[in-house]
Amino acid sequence: MRCDLHVHTCRSDGAHTPAEVMRRALEGGIELLSLTDHDTVDAYDELESVATPILLHGVEITTATDDGEELHMLGYFPFGFSSGIRAFLTEVQEERRERMRVALERLGERGIHLSFEALQASCEGPVISRSHLAQAMVDKGLVDSYGGAFRRYIGSRHDIVPRPSIRPEQAIDMIRRERGISVWAHPRLSRLQRELGRLVSAGLNGIEVYHRSRKDHELAPTEALADAHRLLRTGGSDWHGHHPGDQLGQYTIPSQSIRPLLSFFDLPEPEATR
Ligand code: AMP
Ligand code: MN
Ligand code: MN
Ligand code: MN
């Protein structure tokens, strides 16, 4: 089976609606898919009358370590989304709005005046991200380009937009409480070597070993680290759909490489064993 367990929709910072993502996933030959929007699972509520590949329930939670480094934690939920996880995400979304209010004030002090309403208008879901902020700045003519908004104002760290308060360990904890599987999203090898032990102690279940941005020479050592800690392997494209040449289905992983993870899910036969 061709699998992609890391895909975004416009309910967070992807370009396309959940239904459109499903159409493209089927067109691209994906057989097993997870929508893993940042801090929201709203996309799943829109798929009732939509043809889809086999779906695994997923989400990507934005956290920050004590050192202020961003760390993304994927959650996969064999039993679906509980009211507990939905309530948790609602709080995270509210914190994102608060962080953006602070950012808008800071931008105002630098002569960039953007209203919260204008920023909100650039979102098609409950999640406001730095990419929406950059886009809103472009739309209002405050900067020349999206990249320029980051270079001149937003930065790639959390200079303007305060970092999230949630720690990786809290996300791991919450995912476990809600009967999910926690997976460290797209970690670089050097960071795994430094921080993996701590997160394993906190209850981490897996590593996103296969990812489009994974460097070839990091693959074998990353697989070895996952095995050494008896962690599950997952993988996906992290597709957002903003670039026309980048089509869903161009990067997939075979189900054989993630079989231990799939054993937690009640998948339709016989595809699951293909
Ligand atoms: P957030 O969810 O608020 O942390 O926003 C993260 C998103 O902002 C990422 O998924 C990127 O799309 C975008 N982003 C972050 N840093 C940069 C950067 N230096 N240049 C362009 N886009 C960026
Ligand atoms: Mn994103
Ligand atoms: Mn991520
Ligand atoms: Mn992602």
Side-chain angles (χ1 to χ4, degrees), residues 4-16 18 21 34-43 58-65 68-76 89 91-104 106-107 114 116 119-120 122-138 143-168 171 175 182-188 191-192 199 206-214 234-243 246 248 251:
D4 188 342
L5 299 189
H6 191 152
V7 170
H8 293 274
T9 79
C10 67
R11 299 305 166 231
S12 65
D13 61 351
H16 304 285
V21 171
S34 186
L35 295 175
T36 52
D37 274 318
H38 302 282
D39 300 326
T40 176
V41 297
D42 281 13
V59 68
E60 182 175 22
I61 298 169
T62 307
T63 79
T65 64
E69 288 281 318
E70 209 174 300
L71 192 152
H72 292 182
M73 191 66 67
L74 292 158
Y76 295 105
L89 294 174
E91 276 180 36
V92 171
Q93 292 155 16
E94 180 55 30
E95 187 189 74
R96 278 181 172 271
R97 285 189 281 274
E98 287 309 313
R99 289 159 55 215
M100 281 298 166
R101 287 200 170 90
V102 172
L104 293 177
R106 290 176 178 169
L107 283 171
L114 181 69
F116 186 78
L119 172 54
Q120 188 112 57
S122 69
C123 301
E124 296 176 77
V127 168
I128 303 188
S129 80
R130 285 174 288 168
S131 57
H132 296 112
L133 176 58
Q135 191 56 49
M137 288 169 77
V138 174
V143 288
D144 291 343
S145 67
Y146 180 89
F150 274 96
R151 271 192 305 279
R152 286 196 60 191
Y153 296 103
I154 306 173
S156 48
R157 296 179 64 82
H158 288 88
D159 314 320
I160 285 277
V161 184
R163 67 178 66 103
S165 66
I166 175 162
R167 295 287 176 265
I175 291 166
S182 57
V183 175
W184 187 350
H186 47 72
R188 293 299 309 272
R191 215 170 160 201
L192 275 175
L199 294 189
I207 300 177
E208 191 176 42
V209 171
Y210 310 105
H211 186 271
R212 259 203 294 201
S213 71
R214 169 88 51 218
T234 76
S237 63
D238 214 347
W239 186 82
H240 284 67
H242 290 290
H243 308 291
D246 171 23
L248 199 48
Y251 179 96

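In listed order, ligands and their atoms are each counted from 1.
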Colleague: Minimum distance, heavy atoms only, to atom 2 (O) of ligand 1: which one of His38, Arg130, Arg96 is it?
Modeller: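 Among His38, Arg130, Arg96, the closest heavy atom to atom 2 (O) of ligand 1 belongs to Arg96.
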Colleague: Determine whether the side chain, the backbone, both or neither of Ile128 has a heavy atom under 4.0 Å from any heavy atom of ligand 1.
Modeller: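 Neither part.
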Colleague: Can an N, O or S atom be found in Glu60 less than 2.8 Å away from the Mn ion (ligand 3)?
Modeller: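 Given the 2.8 Å cut-off, Glu60 counts as a ligand of the Mn ion (ligand 3).
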Colleague: Can you see whether Phe116 has Arg101 sitting over its ring - NZ or CZ less than 6.0 Å from the centre and within 45° of the normal?
Modeller: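 Verdict for Phe116: a cation-pi partner in Arg101.
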Colleague: Would you say His38 reaches the Mn ion (ligand 2) with an N/O/S atom under 2.8 Å?
Modeller: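 It does: His38 brings an N, O or S atom closer than 2.8 Å to the Mn ion (ligand 2).
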Colleague: Take Ile61 and Asp39 through the side-chain contact (heavy atoms from CB on, under 4.5 Å) test and state the conclusion after the steps.
Modeller: CA-CA 5 Å; Ile61 298 169; Asp39 300 326; 3.7 Å; yes
Colleague: Between Ser131 and Ser129, is there a side-chain donor-acceptor contact under 3.5 Å, judged purely by atom types and distance?
Modeller: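 Yes.
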Colleague: So is there a nitrogen or oxygen of His240 less than 3.5 Å from a nitrogen or oxygen in ligand 1?
Modeller: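 N/O-N/O distance below 3.5 Å does not exist for this pair.
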Colleague: Give yes if a backbone or side-chain nitrogen or oxygen of Arg99 is under 3.5 Å from a nitrogen or oxygen of ligand 1, and no if not.
Modeller: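 In fact, backbone or side chain, Arg99 has no N or O that close.
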Colleague: Is it true that some N/O/S atom of Asp13, main chain or side chain, lies under 2.8 Å from the Mn ion (ligand 2)?
Modeller: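 Asp13 does place an N, O or S atom closer than 2.8 Å to the Mn ion (ligand 2).
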Colleague: Once the angle between the rings of His240 and His38 is folded into 0 to 90°, is it parallel (under 30°), tilted (30 to 60°) or perpendicular (over 60°)?
Modeller: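 Plane angle between 30° and 60°, so tilted.
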Colleague: Which of the numbered atoms in ligand 1 are under 4.0 angstrom from any heavy atom belonging to Ser129?
Modeller: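 The atoms of ligand 1 under 4.0 Å from a heavy atom of Ser129 are 1 (P), 2 (O), 3 (O), 5 (O).
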Colleague: Which of the N/O/S atoms in His240 sits closest to the Mn ion (ligand 2)?
Modeller: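 Relative to the Mn ion (ligand 2), the closest nitrogen, oxygen or sulfur of His240 carries the name NE2.
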Colleague: When you draw lines from the Mn ion (ligand 3) to ND1 of His72 and to NE2 of His186, what angle lies between them, to the nearest 10°?
Modeller: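 Reported to 10°, the angle equals 110°.
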